[in-house]
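First up is the structure itself, then whatever we jot down about it.
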There are 2 protein chains.
Amino acid sequence: MVAAPPAVGLPDVSTVWLRVFLDVARHGSFTVAARTLGWTQSAVSRQISSLEAALGGGPLFDRLPRGVRLTEAGRVLVPHAEAVTEALHGAARELTELREVAGGRLRFGAFATADAALVPQALAAFRARHPGVRLTREEGITPGLLNRLDSGHLDLAVVSTTGRTPLEPYELHHLLDESLYVAVPAGHPLAGATGPVRLGRLADDDWISGSSRPEGTLLDAALRQGFRPQVTHVVGEWTAKLGYVAAGLGVTLVPALAAASVRQDVALLPVLDEGAPARAVYAATARGRSMAPAAAAFLGALREAAARIPRWGPGGTMA
Amino acid sequence: MVAAPPAVGLPDVSTVWLRVFLDVARHGSFTVAARTLGWTQSAVSRQISSLEAALGGGPLFDRLPRGVRLTEAGRVLVPHAEAVTEALHGAARELTELREVAGGRLRFGAFATADAALVPQALAAFRARHPGVRLTREEGITPGLLNRLDSGHLDLAVVSTTGRTPLEPYELHHLLDESLYVAVPAGHPLAGATGPVRLGRLADDDWISGSSRPEGTLLDAALRQGFRPQVTHVVGEWTAKLGYVAAGLGVTLVPALAAASVRQDVALLPVLDEGAPARAVYAATARGRSMAPAAAAFLGALREAAARIPRWGPGGTMA
DNA sequence: GCGAGCGATGCGACAAGCGAATGTCTAGCA
DNA sequence: TGCTAGACATTCGCTTGTCGCATCGCTCGC
């Protein structure tokens with residue numbers, strides 16, 4: 001998972017030795033270095049001895065009557081020792097950033113409707129709180145996103161389920177149960193209705209849907225109500241669907257997440273859900289794989305955004 | 001003696017841990033990494049645990065049923081761990097070069113006459129054997145060179161002494177005792193002499209010298225022979241002196257080291273030295289300070305070159 | 001359902017590394 | 001010349017870390 005290394009014999013040196021070495025080089029004295037490090041002189045003496053033995057290149061310091069002085073070997077070692085401590089500092093810094101969600105990356109995906117309100121709101125809050133995190137976003141359908149999650153290309157995916165949830169290798173964090181709306185044209189008999197309507201009252205309407213067969217789509221809800229809706233027009237895009245509705249060509253179901261972005265010349269009626277909610281929205285992460293701090297923070301932002309999504313949108317009452 | 005560091009808290013990690021970490025990251029398995037490192041799986045497991053604890057940033061690997069996989073923190077650590085091992089490799093490589101006299105630097109100085117033959121010959125041999133060593137050269141008089149040695153600006157100095165040797169803080173490596181020649185014009189009565197001549201036989205000649213007073217110069221030898229030479233012309237440069245000699249304006253003393261570079265139209269007669277040699281040439285290093293490998297090698301080259309300097313030059317017999 | 005593979009952990013043994021005390025060497029001073 | 005102070009090296013006893021071995025828990029594939 002990482003490129004191959006040179007793989008040669010390399011001395012087993014402690015990074016502590018190297019820091020002591022630099023401190024001694026700086027002060028020109030074992031005793032002074034020991035004082036600044038809070039150790040005894042004997043400890044420093046042995047640290048340097050150990051380092052000299054490990055590197056096998058003779059003494060690093062000339063021991064003078066008053067203090068020590070770098071030998072040629074010691075002078076050569078200094079920049080490399082500094083590079084080591086530099087790298088360790090860098091690692092410590094970057095890991096701290098990661099822990100404090102001030103750095104690192106977050107790769108997430110979401111299904112299309114989630115991008116209408118839920119994801120953008122969560123994203124705005126997250127970016128405001130954690131501007132240092134590099135974000136990459138993908139759009140896709142639930143099975144595709146879960147595959148990407150499984151293969152390690154995504155850290156988190158916002159997915160939706162109509163029926164059973166695919167619990168297998170995923171950790172699902174429930175965000176919200178999505179209620180349904182039915183969009184009707186302005187002149188429709190139910191356009192002025194107050195409060196939720198039973199779906200059965202639209203059993204004789206023409207329906208606009210993304211698929212001619214209701215099974216597996218939002219129109220499952222109609223089947224559960226005991227009627228098979230007549231799909232007069234098969235239209236995929238939300239804007240197109242609502243255009244058909246606005247033109248009086250039929251009615252269509254709108255999930256709660258898309259309710260806020262519906263045009264003004266159609267009426268949205270909350271659908272009375274009897275039994276199971278139309279679909280649930282989850283944030284999915286890979287099971288058994290530790291969540292990156294940024295993913296945990298983003299999950300929190302998603303929960304907050306989900307709590308702000310109205311259960312009954314325009315024309316209905318808030319739950 | 002080194003620039004000040006950032007000086008912040010830095011984890012005490014072993015470089016062994018980091019190498020184990022990289023090996024595990026590479027193989028995606030504790031067991032496989034343990035095999036390649038010749039350790040047991042439990043050792044690797046605890047090494048990683050130690051590293052994770054020392055960095056304090058949560059796990060570096062997700063433990064999966066089949067092997068392990070880098071977490072976000074682990075992914076962040078990889079380049080820094082590689083930088084550390086890189087720096088260690090660089091240090092090991094450069095120290096090896098130093099040990100094998102294939103790198104590093106050598107700063108030496110020499111007095112002017114040594115540059116006529118001794119130093120160039122030693123230098124040629126040294127450069128041929130150790131082309132990787134960066135050489136810097138200084139010219140100066142003996143006291144100045146010794147000061148530079150003492151202050152750490154030089155690693156080695158080629159110095160000469162007429163009388164007592166300043167043993168104080170220096171390590172003196174004897175190179176050669178320098179015999180004297182006297183240069184006479186081609187038509188001089190002694191020009192055809194075979195074998196060394198007593199200096200007294202030139203008591204009545206005109207002398208060319210760098211100083212009007214013989215004390216402290218090569219002409220000390222004349223004083224030791226019981227006569228005070230008459231310095232007719234004060235001339236500093238060797239080529240100039242010999243030009244005066246060739247023109248029949250007088251005779252001059254030539255130290256052995258400069259004998260080989262004397263023009264053909266003057267005769268060089270070895271001077272019979274009675275008692276102490278005119279002067280001795282040493283390679284001096286700082287006492288108590290370890291000699292860089294390159295300095296030791298250069299000292300060897302100087303000894304070889306000194307052995308090749310003829311004691312009796314053209315016109316005399318070899319000693 | 002059962003064995004194989006993989007990482008975690010308890011145990012005993014050994015080595016590394018610490019502090020404190022002591023030894024050795026040199027420079028400076030009287 | 002002898003004494004003293006300062007600096008590094010060394011020894012001793014103890015703590016801490018780390019290893020191998022054996023074993024446990026867990027998951028996947030046959």
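Keep in mind the model is a prediction, meaning the values are calculated, not measured. A note on names: the letters A, B, ... follow the listed sequences, proteins ahead of strands, and every chain is numbered from 1.
- Residue contacts shown for S49(B) are absent, as no nucleic acid heavy atom lies under 4.0 Å away.
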### Task
Show your working on salt bridge (charged side-chain N to carboxylate O under 4.0 Å, His left out) between E72(A) and R105(B) and close with a plain yes or no.
CA-CA 8 Å; E72(A) 184 72 12; R105(B) 65 174 186 188; 3.6 Å; yes
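- Comparing dT9(C), dC8(D), dA27(C) by their nearest atom to the side chain of V68(A) picks out dC8(D).
- Contact between the side-chain N/O atoms of S42(B) and the OP1/OP2 oxygens of dG20(D) is not found at any separation under 4.0 Å.
- Using modelled atom types, no side-chain atom of T142(B) and backbone atom of V159(B) make a donor-acceptor pair closer than 3.5 Å.
- A close approach under 4.0 Å does occur between a side-chain nitrogen or oxygen of W17(A) and OP1 or OP2 of dG17(C).
- Looking only at side-chain heavy atoms (C-beta outward), D155(A) and F108(A) stay at 4.5 Å or farther from each other.
- Put simply, Q41(A) has no side-chain N or O that comes within less than 4.0 Å of OP1 or OP2 on dG19(C).
- Along DNA chain D, the nucleotide closest to A43(A) and the one closest to R66(A) are compared, and the more 5′ of them pairs with R66(A).
- The phosphate of dG17(D) (OP1 or OP2) has no side-chain N or O of S50(B) nearer than 4.0 angstrom.
- Nearest nucleotide to the side chain of T31(B), out of dC6(C), dG20(D), dG19(C): dC6(C).
- Across all strands, R63(B) comes closer than 4.0 Å only to sugar-phosphate atoms, never to a base (heavy-atom distances).
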